[in-house]
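No experiment lies behind these values; they were computed from the predicted model shown. What's counted below: heavy atoms across the whole structure, side chains too, no hydrogens, waters or symmetry copies.
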Amino acid sequence: MTRMIKTLVSASILSTAMSFGAMAQETVLRMSNWLPPSHPIVRDMMIPWAEKLKEASAGRIEVQILDAPLGPPPAHFDLAANGAVDLTFGVHGYTPGRFTLTEIAEMPFLADTSESLSVAFWRVFESDLAQAEEHRGTKVLGVFGHGPGLLFTKGKPVSPLSDLSGAKIRVAGNITNKLAEAMDMVSIQAPSPQSYEILSGGIADGIFFPVESVPFFKLETLVDKALRVPGGLYNVSFFFVMNKAKFDSLSDEDKAAIEEVSGEAFSRMAGQAWDAADAAGMDVIGSTVDFHDATEEELATLREKTQPMFDDLAKAYEAKGLDFEVVMGKLKDEIKAVAAE
């Protein structure tokens, strides 16, 4: 009997020790999120990434997406950099002047799909842009862009372009601000969740958005015209980052698991998700919005008007020791390569 009790006690201690060992191996990463759970970034990018990470880490890593944001959208990069959260994502352009080099992925006429842009963006980020350390304090897990950006208006013609002079347009960051100015329009800075308010209230006459965002932010009853150009009028670049100290504290196995599902793999998944969302968005607004494809003459005008944007960015690249034309050439080559896959 004594031997049996000792055996049971030993087994209990061993079981408890194994349980504590399993608990000690589990890592929970907290992600701050500023978008609704149904948004494609959350539903089709962050949640699938978390599931892939759990699988790649054999269940050792769980991701907890917080129910409420810990700050406004522009604050999210610092939340991760300062360690308030482990993971987050956001828009580079929400903090103007901070992320200069990533604006290369936001320029006009670049790509017809989010996938081609996002994968190319990651490759160029990894090969050329990361060295400038604009994302200090974080481990960059991915960069991506949405689908081709359009100009949507409410009761205002988009052709001829001269009719847009003086129009009040919601913008999101430096590039769309410069684009609005180049097109002789008036910029209104506002995060995307405020789009319905400023359009329905007559504060803005239009908005720069990809197709997906119009129905998502319930603007399909407000906008009725759109200006579309090959490669998009603009794009918006996004970051997906992890606190660097947290990443460095993980085991080599867990670091490898994170890297396996991040980088180009994540950027490709993000691009494919956004392309699918754009297609779904077009199903909603394709018959109610009058899409005007810019004429050759209008395209020539737009290229002339936006050239100073390229010139300004080239100077910013030079100030950081990078050749803008070389990097832009790489980006365009990678976009073509991914589109041809």
Side-chain angles (χ1 to χ4, degrees), residues 30-47 65-80 84-85 87-96 98-99 102 106 114 142-154 167-177 179-180 185-224 226 232-241 270 273-274 276-278 280-282 284-285 289:
R30 298 167 67 246
M31 178 189 295
S32 185
N33 162 44
W34 48 276
L35 287 169
S38 58
H39 192 278
I41 291 181
V42 182
R43 183 192 64 210
D44 302 326
M45 300 178 203
M46 297 303 155
I47 291 176
I65 300 178
L66 302 183
D67 293 332
L70 298 186
H76 272 64
F77 180 83
D78 284 327
L79 290 176
V85 293
L87 298 161
T88 196
F89 59 88
V91 176
H92 285 111
Y94 280 178
T95 50
R98 184 169 191 173
F99 303 100
T102 55
E106 303 187 346
S114 174
V143 291
F144 60 101
H146 60 45
L150 287 74
L151 172 64
F152 291 92
T153 62
K154 175 187 175 185
K168 298 171 292 183
I169 305 297
R170 176 263 176 187
V171 302
N174 188 43
I175 291 299
T176 46
N177 180 53
L179 178 60
M185 300 185 296
V186 178
S187 299
I188 298 177
Q189 290 275 0
S192 52
Q194 295 178 14
S195 302
Y196 187 91
E197 177 185 351
I198 63 175
L199 278 174
S200 62
I203 299 171
D205 300 309
I207 189 166
F208 285 120
F209 254 164
V211 169
E212 166 276 330
S213 297
V214 173
F216 183 82
F217 289 105
K218 304 186 185 307
L219 308 182
E220 65 270 25
T221 60
L222 297 179
V223 300
D224 50 22
L233 274 170
Y234 77 100
N235 209 288
V236 167
S237 68
F238 294 81
F239 58 79
F240 176 34
V241 297
W274 215 303
D278 272 346
M282 186 59 78
V284 175
I285 68 172
V289 174

Has Tyr234 got a side-chain atom pairing as donor or acceptor with Phe209's backbone, closer than 3.5 angstrom?
yes
Applying side-chain contact (heavy atoms from CB on, under 4.5 Å), run through Val85 and Met31 and close with a yes or a no.
CA-CA 6 Å; Val85 293; Met31 178 189 295; over 6 Å; no
His146 and Glu212: CA distance, side-chain angles, deciding distance, side-chain contact (heavy atoms from CB on, under 4.5 Å) verdict:
CA-CA 9 Å; His146 60 45; Glu212 166 276 330; 5.9 Å; no
Heavy atoms, side chains only, cut-off 4.5 Å: are Phe77 and Thr95 in contact?
no
I need the minimum non-hydrogen distance between Ser114 and Ala270, along with the two atoms involved.
OG-O, 4.3 Å
Side chains of Phe89 and Leu35: does their closest heavy-atom pair fall under 4.5 Å?
yes
Evaluate the side-chain proximity of Ser237 to Val143: yes if any heavy-atom separation is below 4.5 Å, no if none is.
no
What is the ring orientation for His92 with Phe239, classed by angle as parallel under 30°, tilted 30 to 60°, or perpendicular over 60°?
perpendicular
Please check if the side chain of Arg170 supplies one atom and the backbone of Ile203 the other of a donor-acceptor pair under 3.5 Å.
no
Heavy atoms of Leu179 and Leu233 approach each other most closely as CD2-O, 3.5 Å
What pair of heavy atoms forms the shortest contact from His76 to Pro72, and how long is it?
ND1-O, 3.0 Å
Rounded at 0.5 Å granularity, tell me how far CG in Leu222 sits from NZ in Lys154.
5.5 Å
How are the rings of Phe144 and Trp274 set to each other: parallel, tilted or perpendicular (split at 30° and 60°)?
tilted
Could you tell me which residues satisfy salt bridge (Lys or Arg N to Asp or Glu O under 4.0 Å) with Asp278, sequence neighbours excluded, listed by chain and number?
none
Check whether any side-chain heavy atom of Val42 lies under 4.5 Å from a side-chain heavy atom of Pro36, and answer yes or no.
no
For the pair Ile207 and Phe217, evaluate side-chain contact (heavy atoms from CB on, under 4.5 Å) and give the outcome as yes or no after the intermediate values.
CA-CA 12 Å; Ile207 189 166; Phe217 289 105; over 6 Å; no
From the options Leu150, Thr153, Leu199, select the one residue that forms a side chain to side chain contact (heavy atoms under 4.5 Å, CB included) with Val223.
Leu199
For the pair Asn33 (side chain) and Leu66 (backbone), establish whether a donor and an acceptor sit closer than 3.5 Å, ignoring hydrogens and angles.
no
So CG of Asn235 and OG1 of Thr102: to nearest 0.5 Å the spacing works out to 11.5 Å
What are the two closest non-hydrogen atoms of Asp44 and Ala273, and how far apart are they?
CB-CB, 3.6 Å
So Met185 and Phe208, do their side chains get closer than 4.5 Å, heavy atoms only?
yes
Val214 vs Val289, side-chain contact (heavy atoms from CB on, under 4.5 Å): CA-CA, chis, key distance, verdict
CA-CA 10 Å; Val214 173; Val289 174; 5.5 Å; no
Quick one: does any side-chain atom of Thr88 pair with a main-chain N or O of Ser32 as donor and acceptor, under 3.5 Å?
yes
All heavy atoms of Pro215 vs all of Gly281, minimum pair found to be CG-CA, 3.8 Å
Nearest 0.5 Å, what's the CD1-OG distance between Ile188 and Ser195?
11.0 Å
Which atom names give the shortest non-hydrogen contact between Pro74 and Tyr94, and what distance separates them?
CB-O, 3.7 Å
Can you tell me how far apart CG (Asp205) and CD1 (Ile198) are? Round to the nearest 0.5 Å.
10.5 Å
Report yes if some heavy atom in the side chain of Val91 is under 4.5 Å from a heavy atom in the side chain of Trp34; otherwise report no.
yes
